[in-house]
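We're numbering straight along the sequence, starting at 1.
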Amino acid sequence: MKQPKIIIVANRLPVRVEIKNEEWIYHSSEGGLATGLGSIYKDGNNIWIGWPGAYIENEKIQHIIRQDFLKQNLYPVMLSEYEIHHYYDGFSNDTLWPLFHYFPSYASYGRKDWEVYQKVNRKFAKAVTEIADPGDTIWIQDYQLMLVPQMIREAMPDVSIGFFQHIPFPSYEVFRLIPWRDQLLKGLLGADLIGFHTFDDVRHFMSAATRIVHAPSNANELILDDERSVIVDAFPMGIDYDKYRDNVFNPKTKRNETKLHQLMGDRKLMISIDRLDYSKGIPQRLKAYELFLRKHPEWKERVIFIQLVVPSRDQVKQYASLKEEINRLVSEINAKHGTLSWQPIHYFYRSFPLEMLSALYASADIALVTPLRDGMNLVCKEYIASRIDKTGVLILSEMAGASKELYEALVINPTNEDAVAEAIYEALTMPEEEQVRRMEALQHTVAKFNIHHWIKNFMDKLTEVKLKQEQLSTRMLTETFKDTLHLRYKEAGRRLIFLDYDGTLVNFTPDPLKAIPDNDLKALLQELYSDPHNKIVLISGRKKETLESWVGDMPIDIIAEHGAWLREDGRPWVIAKDLNTDWKEEFIPMLKQFEMRTPGSFIEEKDYSLAWHYRKVDKGLGELRAKEMTGNMKYAAANLGLQLQEGNKVIEIKSAMINKGNAAREWLKQYPASFILAIGDDYTDEDTFKAMPEEAVTIKVGSGISAATYFLKNPEEVRSFLRKLIGSSEDNNQNEEKNTALIKN
């Protein structure tokens, strides 16, 4: 049997081929993604699928290059110049890129671009299906391949698929401008796990998915029509921290650093490194620097600003105009403020090798990273890793995903020229001890949440999601097992049936007080309790007054407010209490998992409680993690008699709580039965499921990880199942009477 493999799918391979006069040269990528994922695709029989970076029409050369790549665990997808023009330059970068970076006026909506985008995505999906086997894991990268997840899902329904987007995902209002928005979303929803850099992107995607394709959601989970769940989560990408730290000691880097210090003299050095793109905010940054020189003329001739711009698509109109504007601004600022011995801006429009970049990082007193919109921006993290003496100041745009992690940077609005100018002044005048304090904290974050942590975090979550799906699919209540339950029900002398109300017997309503039992439900309950062998217990989180007004006239027992109030056989309500105090050791490891996944959070241990603080965490991500924590821990906490108390940016776990499970145990003691059934839909019902004996039938309504043995989809299925439970015994009695009559005749 083949060992399961991981298949990485990206627009480009980590090795680029260059064709010259029917000869070819291979160039390895220095990019962060290629470096980080190298630990995956080079291992065993794993493989990376992507475009080799050149147009190769000669089939003989294609074959040779394909064989060369396969030896390196690489699988090339050959694309023509026409396909790259429409799929990559066209739809990917003239439609998706500007919209996703909030420049809708730059977006074009060419139908031909869209058609070729679909065609190329099919090529990538076909390449995957040609080499993928059942049990493989497929990880698709970025916005150029948004349709690939669903295309693979259709061909291989059970394979594990992850998708990660490296650029922002826009708000619903912007995303819906795309004519083919439905197809793009459905394409992504073919994945089991969809990852973004920040919670803002998660929130925007969830909003688009729920509004455009109307996928029901629960926190960061989407439930599709086929009951398959898709998890959407934030995975802030890191860098290879050790690589950038160690490269500072490279002899070439040291020589470059010496040259830089000779150029600067005793002046302060400020750097910015960007690809040519309108999303990087380069003109706004230059204007802010000019404002700084006007407001603080005492710093003239005492600071040098090196602006490095890496060439990119400068034949495109918007990029060509941007390049001209940058050239003009640099010339104007240098002419206005420069002297015979000092030039305010040293501007380079070219790529630099890593040893030169490392020298710039190591020498710069300030790094100015001010994009108007950026998915993450790894330049700021590379700068932090390169600061060996722990000095230096990072000025960072709040529009970059990295700002949600790097709290100790000077975070600014890149469009506020005054704020950026003042941040430059603050950075230049910041005491060294303050620089060290901030940089040590930044380095701790960047080192801890590095590229390897990002990969492990995503892959672990994908494995968890797939396992959850598989467990759910094998536990759906089948028609065959329903027949078996009918026989057990009929043969049982005494039956004890626990039924939750909201989400189990009735659907949720916008107004909870309007979830009144309809005539159909009343008739069903009457059929159940009219059988003298049945003991029916309605177990709900509702107030006792509400339940009494709705079903108080029925001879059924009621457990109200999650077990706080009990009523048997129409007798007066009584209050129940229970307490469990031995719990701490079980919860510390769980809290530590959340700490590792959430930059800025920390655990506080008190004498009689544990607290998880997320005050320093990005607001949206903190709220998401808090919801996830309460969702995951309430099952275990409530069963142990604990309370999860939500405070201001803190969740505290304390002793003392009553739950449905403890209340149900009292009925199990008082009413021993040979057939026990419990049905519920949310986390409070998990306590009921856990309280049931092994032979009991427990059913969760909906999806999600559950202690229940089986699943039903919705209240309609619950009612249908209960009717069949009753009707089957009646049908069987009728069949027995018919068989007896035939024998007599």
Side-chain angles (χ1 to χ4, degrees), residues 5-31 33-35 37-38 40-42 44-97 110-133 136 138-148 151-152 155 275 310-316 319 350-351 353:
K5 59 183 174 290
I6 297 172
I7 302 173
I8 296 165
V9 191
N11 174 58
R12 295 208 181 193
L13 291 169
V15 175
R16 177 173 59 88
V17 64
E18 182 182 4
I19 307 289
K20 284 186 177 179
N21 301 321
E22 295 195 357
E23 294 183 355
W24 51 93
I25 308 170
Y26 298 119
H27 303 277
S28 295
S29 170
E30 292 288 347
L33 186 66
T35 302
L37 294 180
I40 293 181
Y41 83 86
K42 293 178 182 178
N45 62 341
N46 297 339
I47 200 160
W48 184 318
I49 295 174
W51 180 51
Y55 314 119
I56 307 165
E57 296 180 2
N58 187 304
E59 292 186 5
K60 183 179 178 182
I61 297 176
Q62 281 189 16
H63 177 75
I64 295 170
I65 289 174
R66 185 173 284 111
Q67 294 307 308
D68 288 346
F69 275 131
L70 286 173
K71 294 173 186 175
Q72 304 176 66
N73 289 25
L74 303 174
Y75 190 96
V77 175
M78 302 299 180
L79 300 178
S80 67
E81 187 173 359
Y82 176 84
E83 288 171 328
I84 285 294
H85 174 69
H86 286 286
Y87 142 77
Y88 183 74
D89 296 328
F91 193 76
S92 295
N93 288 326
D94 284 345
T95 303
L96 298 181
W97 179 273
R111 175 164 289 279
K112 177 59 68 176
D113 291 345
W114 166 243
E115 289 172 354
V116 177
Y117 181 86
Q118 295 177 84
K119 177 185 174 184
V120 172
N121 272 241
R122 282 191 211 99
K123 270 194 172 184
F124 276 88
K126 184 174 183 291
V128 173
T129 57
E130 284 175 351
I131 62 174
D133 297 300
D136 286 351
I138 300 161
W139 190 5
I140 302 157
Q141 308 289 329
D142 226 0
Y143 65 105
Q144 301 96 345
L145 304 173
M146 293 175 73
L147 301 176
V148 173
M151 291 174 174
I152 297 172
R275 186 171 61 83
V310 179
S312 171
R313 303 182 74 213
D314 52 14
Q315 73 280 5
V316 175
Y319 289 78
R350 50 169 289 197
S351 298

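Taking all atoms of both residues into account, the shortest heavy-atom contact from A127 to V77 is CB-CG2, 3.9 Å. What you find for I131 and D136 is that their closest heavy atoms are O-OD2, 4.2 Å. Summarising the geometry of F124 relative to V9, their closest heavy-atom pair is CD2-CG1, 3.8 Å, with the distance given to 0.1 Å. Here the shortest heavy-atom pairing between D113 and G90 reads OD2-CA, 3.6 Å. The two residues N73 and Y41 come nearest to each other via the heavy atoms ND2-O, 2.9 Å. The two residues Q144 and N121 have their closest heavy-atom pair at O-ND2, 3.1 Å.
Side-chain contact check for Y88 versus L79: every heavy-atom pair is 4.5 Å or farther apart. With contacts defined as side-chain heavy-atom distances shorter than 4.5 Å, the pair I64/W24 qualifies. Taking 4.5 Å as the limit, every side-chain heavy atom of N46 sits out of range of all side-chain heavy atoms of I8.
Note that CG of N11 and OH of Y87 are 3.5 Å apart. Values are rounded to the nearest 0.5 Å. A distance of 9.0 Å separates CG in N58 from CD1 in I65, rounded to the nearest 0.5 Å. Between the CZ atom of F91 and the CZ atom of R111 there is a distance of 10.5 Å, given to the nearest 0.5 Å. The structure places NE2 of H63 at 11.0 Å from CE of M78, a figure rounded to the nearest 0.5 Å. Summarising the geometry, atom CD1 belonging to I25 is positioned 5.0 Å from atom CD belonging to E18; distances are rounded to the nearest 0.5 Å. Interatomic distance, CD of E59 versus CZ of R66, reported as 9.5 Å (0.5 Å rounding).
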Worksheet item: How far apart are the C-alpha atoms of I152 and I140, what are their side-chain angles, what is the distance that settles it, and do they pass the side-chain contact (heavy atoms from CB on, under 4.5 Å) test?
Response: CA-CA 11 Å; I152 297 172; I140 302 157; 4.0 Å; yes
Item to complete: Report the C-alpha separation of L37 and W139 in whole Å, then their side-chain angles, then the decisive distance to 0.1 Å, and conclude whether the side-chain contact (heavy atoms from CB on, under 4.5 Å) test is met.
Response: CA-CA 11 Å; L37 294 180; W139 190 5; 3.6 Å; yes
Fill in: Stepwise side-chain contact (heavy atoms from CB on, under 4.5 Å) test for Y117 and T95
CA-CA 11 Å; Y117 181 86; T95 303; over 6 Å; no
Practice prompt. Could you walk me through whether Y82 and V116 pass the side-chain contact (heavy atoms from CB on, under 4.5 Å) test, one step at a time?
Written response: CA-CA 9 Å; Y82 176 84; V116 177; 4.0 Å; yes
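There is no side-chain donor-acceptor pair under 3.5 Å between Q72 and Y26.
Residues satisfying the side-chain contact (heavy atoms from CB on, under 4.5 Å) criterion with Y55, sequence neighbours excluded, are W51, E81, I84. Listed by chain and residue number, S351 satisfy the side-chain contact (heavy atoms from CB on, under 4.5 Å) test with V310 (two or more places apart in sequence, or in another chain). Applying the salt bridge (charged side-chain N to carboxylate O under 4.0 Å, His left out) criterion to D133, with sequence neighbours excluded, gives K2, K5.
The pair K119-E115 does not count as a salt bridge, with every side-chain nitrogen at least 4.0 angstrom from each carboxylate oxygen. A salt bridge links D94 to R313: at least one charged side-chain nitrogen sits closer than 4.0 Å to a carboxylate oxygen.
Atom CD of Q67 is surrounded by more than 12 heavy atoms from other residues, nucleotides or ligands within 6.0 Å.
The main-chain N or O of D89 is never found under 3.5 Å from a side-chain atom of W97 such that the two would form a donor-acceptor pair.
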